[in-house]
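Just below is one structure, and these are the notes that go with it.
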Amino acid sequence: MTLPERPSSHSRSRAFARSLLLPVALLAGCGGGGGSAGRTIRASTARVLFPPARSQTDATSITVRGTASDPDGVVAVSVAGVPAKSSDGFATWTAFVPLGPGRQELPIDVTDARGAIARGVARLEVEVEPARISPVGMAFDAATDQLYVVERVPPQVIAFDLASGDARRVSGVDTGSGPRFGAVLGIDVDSASQTLYVAGQDEDGLDALFSVDPGSGDRKIVRGNGKGSGVTLFSIDDVAVDPPAGIAYVADFDCVLAVELASGATSVVSSNSVGSGPKFSFLSGIVLDRTAQRAYVTDEQEDALFAVDLATGDRTLISDSTRGNGPALSNPEGLGLRGDLATALVASSNGAVLLVDLLSGNRTIVSDDATGSGIELDQPWDVAELGAGSGELAVVDEDTGYVIRIDAASGDRVALGDDLTGSGPLLNEAIDFARDPARRRVIAARLADPPLMAIDDATGDRAVLSGTGFGAGPTFTSCSAVAVDEARDRVYAARGSQLLAVDLATGDRTLVSDATRGVGPLPAFAELAYDAVHDVLFALGSDGTFPSPLIAIDPETGDRTLVSGTTRGSGPHIDFTFEMEVDPANNRALLVNFLPDAVIAVDLVTGNRSIFSGADGGADVGAGPAVDHPFALVVDLERRRALVACLDTAVTGSPSYLLAVDLDSGDRTQLSSELDGGGSILRFDLLELGDDPGQLRAFGAFGPRSYLVDLGSGDRVIYSK
């Protein structure tokens, strides 16, 4: 069968972006408010500052901020019927709008001083569903046509209704009661009793097997945290349940264990000392053939598929590099069993789904980059058949964050559920970002080809900027850091010890600095920051020395000068730095750093390093909330502040929070956190300023995802993937 194509998200997103800016004429007598036929036609306008035209959230409400104007004056603005509040005659306004599940439109209406209402001056589209950041396991329940997915971050269980494509959170993250998940890795379902069994860790980081009620989300521990006897769970990775026998079988490091569902008593079924046959190394997936009383397991270290006799523990090699023909079984993670019980499905984290004949061990590709079309397969972690003989499969891809439906005959792939996060190549393997304000977009650096992509602010659409087949110049297949030079209309791109300049209009590349151009120290470039005031590019090196070298690079000659490092400057080491920005007014670079947990300032004249804000031995520099594990930074020169993302390690699950750090005093105030505001998790790895003082563009490595954050409310939405 052939999967139906989704409507073009590109065309929809462009239309919605335009609708935010287009004025709507007030036609006489239209929209109520006592209009008359003889009135002069006048225009009301509205612009939404947050959220973007199309976005996703997992919140039940959202803050909508914007501006409005009318020649006669504005007396009211409403969003989806909710009156907005304003203190300046609706020149700026805010509405707090409740959201329902699924996709919904939020029209903005403007009422002028004459009482005429312009309806739908702007429109937003919001998709409400659980954030899918890092899915790693799945189980299909044919009885209810539900696909259950477990996510590593945040630890939760999500259910997809295959008929509608709608998703809901089943358990975790404030859904359901009972012991909290610390991590979840594998799942199976008992259709008869409607019980889910989840393998992972509890909130104390101890391995555990949970049972979950899919209706309420309530959780119980089957084995772990003092429940059960016998063998202790060590490194549980996946689970397969045999309800009639009352046993759950788990893949636990190099063992297959049996856990009694009633008591939690645990015993070894097969290990390198129990049962005969080839040895296990690191088990990653498990499924059951209950009729044959056999388990099948994948071993990601041995690149192999094994069968285990559940009565004896004996192990039989089914397929690996020495048995079976076909493509290599490389890095096998998740495992599924087709309804014919004669073939297994294997999700390989190198980007493929394979079919394995259980008799011969022969392997064929079901879907990969060269087999089938549609959404990318990057790092599939689990696979399931969507009903015996259905011809459809599902995979979860942790690197992209997508749950993907696959036509088993063609290998074609489509994302499960709606996606209001732009069109174009996915952002997987993105590692750095820089803003291109002239074109209202963000430039993303990727470790893979294409190495540079552009993300449109309004639509979230993604397009290749430079790489193989895009732009002329030196070969360019990977990029580790970027910085924009607005005056020259180019972005600097680092790849190892080579620095390129990429034209922001054409994608053409020229060499700026490397071993053949420019003189001076030449480490691998890990971070870049451009100082437009002094026309200097700064690069933080990665050469194995501590403190890491900070290099100044002349953009014209490529010459390199050591600013700070082991032989220049004094002060705390720059050991675990994740992002760097320049404060030209104070002639310094600012870096976020683990050990110490602080914002470090580097004097660009002397090379001396000092704690600017945060922990400095037994005392803090600057007043305010603690700087706890800072990992992202952006400097807002206009408002004389730095925005810093941190992890609150004192709270279970280490939720993220945002600090505003005064650039003159180092004092800190908290702007938002996962514990306030609404929307997807605030685990941001990179920060960039938005167009409006009240917004922030942020980027998370899990997925990865591009977020827009409303700094006033703390609300955040995903706008591009």
Side-chain angles (χ1 to χ4, degrees), residues 6-18 20 48-59 62 103 124-134 375-376 378 397 399-404 415 417-437 439-448 450-465 479 482 484 491 632 634 679-692 695-710 715-721:
R6 294 184 299 165
S8 167
S9 61
H10 179 83
S11 60
R12 289 201 308 268
S13 60
R14 291 290 184 193
F16 274 98
R18 287 195 296 269
L20 291 178
V48 178
L49 302 176
F50 180 89
R54 306 172 77 241
S55 62
Q56 287 183 347
T57 180
D58 57 5
I62 193 167
R103 180 185 292 204
L124 304 174
E125 246 192 323
V126 180
E127 173 73 16
V128 178
E129 61 179 25
R132 303 193 300 275
I133 306 298
S134 57
I375 195 167
E376 298 172 37
D378 194 72
D397 193 309
D399 197 45
T400 64
Y402 278 98
V403 180
I404 300 170
D418 283 328
D419 186 3
L420 298 183
T421 56
S423 62
L426 300 182
L427 287 175
N428 52 306
E429 298 195 63
I431 192 172
D432 198 14
F433 297 84
R435 184 143 182 77
D436 178 9
R439 294 172 178 81
R440 298 176 63 84
R441 64 183 184 177
V442 171
I443 307 303
R446 299 176 70 243
L447 293 174
L452 287 187
M453 287 167 47
I455 308 167
D456 185 273
D457 283 355
T459 65
D461 290 347
R462 302 166 298 276
V464 177
L465 172 61
C479 183
V482 285
V484 167
V491 59
V634 65
S680 304
I681 63 166
L682 203 63
R683 195 62 53 85
F684 301 146
D685 284 357
L686 298 156
L687 303 176
E688 288 291 340
L689 297 175
D691 296 327
D692 175 74
Q695 67 179 216
L696 177 73
R697 295 192 183 273
F699 305 88
F702 287 108
R705 300 290 186 260
S706 299
Y707 301 83
L708 191 66
V709 184
D710 182 73
D715 287 359
R716 54 261 177 199
V717 295
I718 299 172
Y719 76 96
S720 192
K721 298 178 182 178

Test side-chain contact (heavy atoms from CB on, under 4.5 Å) applied to Ile455 and Asp461, step by step: CA-CA 6 Å; Ile455 308 167; Asp461 290 347; over 6 Å; no

side-chain contact (heavy atoms from CB on, under 4.5 Å) between Tyr402 and Glu376, intermediate numbers included: CA-CA 9 Å; Tyr402 278 98; Glu376 298 172 37; over 6 Å; no

Leu426/Arg446 under side-chain contact (heavy atoms from CB on, under 4.5 Å): CA gap, chis, key distance, verdict: CA-CA 10 Å; Leu426 300 182; Arg446 299 176 70 243; over 6 Å; no

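Remark: side-chain polar atoms of Gln695 are paired, donor with acceptor, to backbone N or O of Leu49 under 3.5 angstrom.
Within the 4.5 Å cutoff, side-chain heavy atoms of Glu429 are placed close to those of Leu447. Side-chain contact between Ser706 and Leu427 is present, with at least one heavy-atom pair separated by less than 4.5 Å. In this structure, Tyr707 and Val717 have side chains that are not in contact, with every pair of non-hydrogen atoms separated by 4.5 Å or more. In this structure the side chain of Arg103 reaches within 4.5 angstrom of the side chain of Leu420, judged on heavy atoms. Looking at heavy atoms from C-beta onward, Val128 lies out of side-chain contact with Asp58 at the 4.5 angstrom threshold. Contact of the Phe50 side chain with the Asp715 side chain is registered, since non-hydrogen atoms from C-beta on lie closer than 4.5 Å. You'll find the side chain of Arg697 reaches within 4.5 Å of the side chain of Leu708, heavy atoms only.
Not counting sequence neighbours, the partners of Val634 by the side-chain contact (heavy atoms from CB on, under 4.5 Å) test are Glu581, Leu643, Leu687, Leu689, Leu696. The side-chain contact (heavy atoms from CB on, under 4.5 Å) check on Ala463 picks up nothing, with sequence neighbours excluded. Among residues two or more places apart in sequence or in another chain, the salt bridge (charged side-chain N to carboxylate O under 4.0 Å, His left out) test is passed with Arg439 by Asp436, Asp489. The side-chain hydrogen bond (donor to acceptor under 3.5 Å, both in side chains) check on Asp710 picks up Arg65, Ser713, with sequence neighbours excluded. Under the rule for a salt bridge (charged side-chain N to carboxylate O under 4.0 Å, His left out), Arg462 has no partner lying at least two apart in sequence or in another chain. Under the ring-ring contact (aromatic ring centres under 6.0 Å, His included) criterion, Tyr719 pairs with no residue, sequence neighbours left out. Under the side-chain hydrogen bond (donor to acceptor under 3.5 Å, both in side chains) criterion, Thr421 pairs with Asp419, sequence neighbours left out.
Between the CD atom in Glu129 and the CD atom in Gln56 there is a gap of 4.5 Å [rounded to 0.5 Å]. Remark: Arg716 CZ to Ile62 CD1 distance equals 11.0 Å, nearest 0.5 Å. Taking OG of Ser134 as the start and CZ of Arg705 as the end, the distance is 9.0 Å to the nearest 0.5 Å. The structure places CG of Asp397 at 5.5 Å from CG of Asp378, a figure rounded to the nearest 0.5 Å. The OG atom of Ser720 lies 10.5 Å from the CZ atom of Arg54; values are rounded to the nearest 0.5 Å.
Between Ala458 and Pro52, the shortest heavy-atom distance links the atoms O-CB, 4.2 Å. Between Cys479 and Leu452, the closest heavy-atom pair is SG-CD2, 4.1 Å.
Under 4.0 Å is where a charged nitrogen must lie from a carboxylate oxygen, and between Arg435 and Asp457 at least one such pair does.
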